[in-house]
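Below: one structure, written as structure tokens.
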Amino acid sequence: MIRLHVKAVLAAAAPVAPTLDQSRYLTQVMRLKLGDELLVFNGRDGEWRCTIAEVLKKGVILRAEEQVRPQTYGPDLELIVAVVKKARVETIVEKAAELGARRVRLVLTKRTNADRIRLDRLDAIAEEAAEQTGRLDVPPVDDPVKLDALLDGWEASPDSGRRLMFCDETGGAPAMSALRDAGEGPQDRKWSILIGPEGGFSPEEGERLRSLPFTTAVSLGPRILRADTAAIAAMSLWQAAVGDWEK
């Protein structure tokens with residue numbers, strides 16, 4: 001059944017107005033008609049079975065019939081990735097949503113050399129991935145910030161309890177399985193995964209990351225990976241080691 005992410009409140013018998021683009025998708029692409037059913041979620045009220053109640057000249061109106069799943073969330077896992085070329089950033093956002101990231105944060109490093117980022121495009125990619133994968137929320141994509149500013153803010157809030165998993169391509173870091181062996185699962189604390197730019201972090205950035213009390217350096221294996229491959233590999237390994245794949 002078709003799934004659609006909306007902004008509206010979902011409750012029994014509530015009218016729901018999709019955007020014009022979503023309405024066109026439902027009626028012109030998927031050929032839905034009056035009375036047809038679909039699944040709708042908004043990231044707050046769970047998933048609802050809805051019917052098409054009205055077909056207007058500009059858009060459609062849905063009616064929420066019944067909740068089929070209560071609201072749930074995956075582990076509190078963020079993906080933080082250095083901005084790379086547009087196509088690779090789009091792939092990273094799509095796969096992050098598919099793999100359960102709660103949020104995607106973009107950073108600028110000393111070796112960042114990338115195309116202009118369109119956040120509206122990335123938000124749309126995350127939304128579509130959430131619709132297709134059955135999750136009940138859509139991960140937001142944050143505006144890029146400088147890595148130093150991100151770390152400064154982290155250090156200024158030591159009570160947050162969030163750990164930063166630093167994927168260290170220089171060698172010597174333990175494998176991802178060390179997280180599980182150390183008992184550092186999502187039930188213990190919030191996590192973020194940090195992926196560097198093409199060419200890696202600068203020596204100064206790497207030194208700072210390794211020295212911080214809230215970071216855990218891990219290895220992604222013996223090969224140097226592109227940023228998009230590294231993000232997918234890191235999230236997959238994290239999920240397998242300590243994430244909700246264990247459920």
> Taking side chain as C-beta onward, heavy atoms only, is Arg102 less than 4.5 Å from Leu77?
Replying inline: no

> For Glu207, does the CD atom have more than 12 heavy-atom neighbours from other residues, nucleotides or ligands under 6.0 Å away?
Replying inline: no

>> side-chain contact (heavy atoms from CB on, under 4.5 Å), that's the test. Do Ile193 and Trp238 meet it? Break it down for me.
In response: CA-CA 9 Å; Ile193 295 175; Trp238 187 94; 3.9 Å; yes

> Please walk me through it: do Leu108 and Leu147 pass side-chain contact (heavy atoms from CB on, under 4.5 Å)?
Replying inline: CA-CA 6 Å; Leu108 305 172; Leu147 179 61; over 6 Å; no

>> Count I, L, V, M, F, W, Y as connected when their side-chain heavy atoms are under 4.5 Å apart, and connections chain through other members. Are Tyr25 and Val55 then in the same cluster?
In response: yes

>> For the backbone of Ala87 and the side chain of Thr91, can you confirm whether one donor and one acceptor N or O come within less than 3.5 Å of each other?
In response: yes

> So which of Glu47, Glu131, Glu37 actually passes salt bridge (charged side-chain N to carboxylate O under 4.0 Å, His left out) with Arg3?
Replying inline: Glu47

> If every non-hydrogen atom of Gly200 is compared with every non-hydrogen atom of Arg111, which pair is closest and at what distance?
Replying inline: O-CD, 3.1 Å

>> Assess whether a salt bridge exists between Arg63 and Glu54, defined as any Lys/Arg side-chain N lying under 4.0 Å from an Asp/Glu carboxylate O.
In response: no

> Say you draw a straight line from CD of Gln28 to OG of Ser23; how long is it, rounded to the nearest 0.5 Å?
Replying inline: 9.5 Å

> Step by step, would you call Thr215 with Trp154 a side-chain contact (heavy atoms from CB on, under 4.5 Å)?
Replying inline: CA-CA 11 Å; Thr215 60; Trp154 214 301; over 6 Å; no

>> Using every non-hydrogen atom in the two residues, find where Ile125 and Glu94 come nearest and quote the distance to one decimal.
In response: CG2-CB, 3.6 Å

> Using 4.0 Å as the upper bound for N to carboxylate O, is an ion pair formed by Arg88 and Glu90?
Replying inline: no

>> Between Arg135 and Asp137, does the salt bridge (charged side-chain N to carboxylate O under 4.0 Å, His left out) criterion hold? Intermediate values first, please.
In response: CA-CA 6 Å; Arg135 62 183 291 175; Asp137 62 322; 3.1 Å; yes

> Looking only at heavy atoms, which two atoms of Val83 and Thr112 are closest? And how far apart?
Replying inline: O-CG2, 3.5 Å

> Do the side chain of Glu205 and the main chain of Lys110 share a donor and acceptor less than 3.5 angstrom apart?
Replying inline: yes

>> Take a 6.0 Å sphere around CZ of Arg44 and say whether it holds more than 12 heavy atoms from other residues, nucleotides or ligands.
In response: yes

> Between CG of Asp143 and CG of Leu122, what distance do you get to the nearest 0.5 Å?
Replying inline: 10.5 Å

> Do Pro140 and Val104 come within less than 4.5 Å of each other through their side chains, counting heavy atoms only?
Replying inline: no

>> Testing the basics here: between Val16 and Val9, what is the closest heavy-atom pair and its distance to 0.1 Å?
In response: CG2-O, 4.5 Å

> In Å and rounded to the nearest 0.5 Å, what is the CZ to CZ distance from Phe166 to Arg210?
Replying inline: 5.0 Å

>> What I want to check is whether the side chains of Thr133 and Glu98 have a donor and an acceptor closer together than 3.5 Å.
In response: no

>> Would you say that Ile117 contacts Val89 through its side chain, given a criterion of any heavy-atom pair below 4.5 Å between the two side chains?
In response: yes

>> Please determine whether residues Ile232 and Leu79 belong to a single hydrophobic cluster, defined as Ile, Leu, Val, Met, Phe, Trp and Tyr linked transitively by side-chain heavy-atom distances below 4.5 Å.
In response: yes

> Would Val60 and Leu56 show up in the same hydrophobic cluster when neighbours are defined by side-chain heavy atoms closer than 4.5 Å?
Replying inline: no

> Is there side-chain contact between Ile2 and Leu39, with heavy atoms separated by less than 4.5 Å?
Replying inline: no

> If every non-hydrogen atom of Lys33 is compared with every non-hydrogen atom of Asp36, which pair is closest and at what distance?
Replying inline: N-OD2, 2.7 Å

> Arg24 versus Val29: any side-chain heavy-atom pair under 4.5 Å?
Replying inline: no

>> Could you measure the distance from the SG atom of Cys50 to the CG atom of Leu10? Nearest 0.5 Å is fine.
In response: 6.0 Å

> Going by an N to O cut-off under 4.0 Å, is there a salt bridge joining Glu78 and Arg103?
Replying inline: yes

> Has Arg162 got its NZ or CZ under 6.0 Å from the middle of the six-membered ring of Phe214, at an angle within 45 degrees of the ring axis?
Replying inline: no

> Shortest non-hydrogen contact from Ala82 to Thr109?
Replying inline: CB-CG2, 3.9 Å

>> With a 4.5 Å cut-off on side-chain heavy-atom distances among I, L, V, M, F, W and Y, is there a chain of contacts connecting Leu62 to Leu136?
In response: no

> Can you tell me if Ser219 uses its side chain to pair, donor with acceptor, with the backbone of Gly221 under 3.5 Å?
Replying inline: yes

>> Please report the interatomic distance CD1(Ile92) to CD1(Ile195), rounded to the nearest 0.5 Å.
In response: 8.0 Å

> Just by distance, with hydrogens left out, do His5 and Glu127 show a side-chain donor and acceptor under 3.5 Å apart?
Replying inline: yes

> Just by distance, do the side chain of Asn42 and the backbone of Asp45 share a donor-acceptor pair under 3.5 Å?
Replying inline: yes

> Are Asp148 and Arg208 within salt-bridge range, i.e. N to O under 4.0 Å?
Replying inline: yes

>> Counting C-beta onward and ignoring hydrogens, is there a side-chain heavy-atom pair between Thr27 and Leu32 closer than 4.5 Å?
In response: no

> Any side-chain heavy atom of Trp191 sitting closer than 4.5 Å to one from Thr216?
Replying inline: yes

> Is the shortest heavy-atom distance from the side chain of Leu212 to the side chain of Leu151 under 4.5 Å?
Replying inline: yes

> In Å and rounded to the nearest 0.5 Å, what is the CD1 to OG1 distance from Ile224 to Thr229?
Replying inline: 12.0 Å

> Could you walk me through whether Glu198 and Arg226 pass the side-chain contact (heavy atoms from CB on, under 4.5 Å) check?
Replying inline: CA-CA 6 Å; Glu198 306 290 0; Arg226 288 186 179 273; 4.0 Å; yes

> Arg118 and Asp120: salt bridge (charged side-chain N to carboxylate O under 4.0 Å, His left out), yes or no, with the steps?
Replying inline: CA-CA 6 Å; Arg118 282 187 53 193; Asp120 60 335; 3.0 Å; yes

> Cluster question for you: counting only ILVMFWY and a side-chain heavy-atom cut-off of under 4.5 Å, with indirect links fine, are Leu209 and Val145 together?
Replying inline: yes

